[in-house]
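What follows is one structure encoded as structure tokens, with my remarks underneath.
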Protein chains: 2
Amino acid sequence: MEEHRALAAFGALSQETRLRILRMLVVAGPDGMAAGTIADKADVSASNVSFHLKELERAGLVAARRDSRSMIYSAQYDAIRGIIRFLMEDCCSGRPEICAPVITAAACGTPLKA
Amino acid sequence: MEEHRALAAFGALSQETRLRILRMLVVAGPDGMAAGTIADKADVSASNVSFHLKELERAGLVAARRDSRSMIYSAQYDAIRGIIRFLMEDCCSGRPEICAPVITAAACGTPLKA
DNA sequence: TCGATATTTCTAGGATTATTGAAATATGGA
DNA sequence: TCCATATTTCAATAATCCTAGAAATATCGA
């Protein structure tokens, strides 16, 4: 991931409503959620959710598709992976000891050797 | 890492100059770098570098200490780890398959089983 | 076609953030 | 003490971002 895209992604993640939306979409999975449903659950107005969804889309973190009258938004896992990787490469390239603990410890709750 | 701190960290990382500074400081290691040196290498004015360093400090990504006439700034590895972990927990809690590839693939260039 | 639903676009505002240069503060050495 | 160095603070400006509501667009069903 080039710096330019990383900057956009960090900018998109630095806003409370957007972070909340992205989290919801990650949990929702590939099926995604309709804009209206997102607005309801995130408790923001239609035009505001549209603004933030566009921002997330511009950053490549979500994708949109139309389903009848609804617009369905879904998280772009590749992009999320991209940011994590960007951070890791950025620190690890200089200081591998930074990431090592995260990798061995976190491991997404899934034991690495399982 | 609570959401509040994560938002601040993402905000700090979403600016070109600050991202550049943090990368330099990660490479510099625990010894850190003087504000003036950072300003030179990042090619920004003294007051501007001060502004951005304060922003990074507010986000907990760097720490400052005085050494004679210079202020030495150094990257806070714990905080960097914190963001990576935050992203991983956020996605992996809902969808473990997102992070798995990053963990097995990236691994900071260090083979996991070495 | 008409009306209802779902969402986006536009406009205007207020708020936050970034940049600049000048002035202020802190430190060390002559 | 005085001067030079290193950095921060301040004030003003420019730029960007967020929010809200009204109007516009798209889709569906009657």
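Everything numeric in this text was worked out from a predicted model, so none of it was measured.
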message = Is the phosphate of dT19(C) approached by His52(B) (side-chain N or O, under 4.0 Å from OP1 or OP2)?
response = yes
message = Strictly below 4.0 Å: does Gln15(A) bring a side-chain N or O up to OP1 or OP2 of dT19(D)?
response = yes
Give a yes or no on whether [X] and [Y] share a hydrophobic cluster (residues Ile, Leu, Val, Met, Phe, Trp, Tyr; joining criterion: side-chain heavy atoms under 4.5 Å apart).
X	Y	answer
Ile38(B)	Phe51(B)	no
Ile72(A)	Leu25(A)	no
Ile84(A)	Leu7(B)	yes

Heavy atoms of other groups near Glu16(B) CD, more than 12 under 6.0 Å = no
inquiry  = Nearest heavy atom decides the nucleotide; on that basis, is Ser68(A) or Gly11(A) closer to the 5' end of DNA chain D?
reply    = Gly11(A)
Please state how far atom [atom1] in [X] lies from atom [atom2] in [N], giving the value in whole angstrom units.
X	N	atom1	atom2	value
Asp67(B)	dA26(C)	CG	C1'	14 Å
Ile38(B)	dT8(D)	CD1	C1'	14 Å
Arg58(A)	dC17(D)	CZ	C1'	10 Å
Arg65(B)	dA26(C)	CZ	C1'	18 Å
Arg20(B)	dA18(C)	CZ	C1'	14 Å
Asp43(B)	dT19(C)	CG	P	12 Å

ask   = If the sugar-phosphate is the primed atoms plus P, OP1 and OP2 and the base is the rest, what is the B/S/- string for nucleotides 3-16 of chain C, using protein heavy atoms under 4.0 Å?
value = -BBSSBB-------
Residue pair Leu13(B) / Leu13(A), side-chain heavy-atom distance below 4.5 Å = no
key: Donor-acceptor contact below 3.5 Å, side chain Ser50(A) vs main chain Ser47(A)   = no
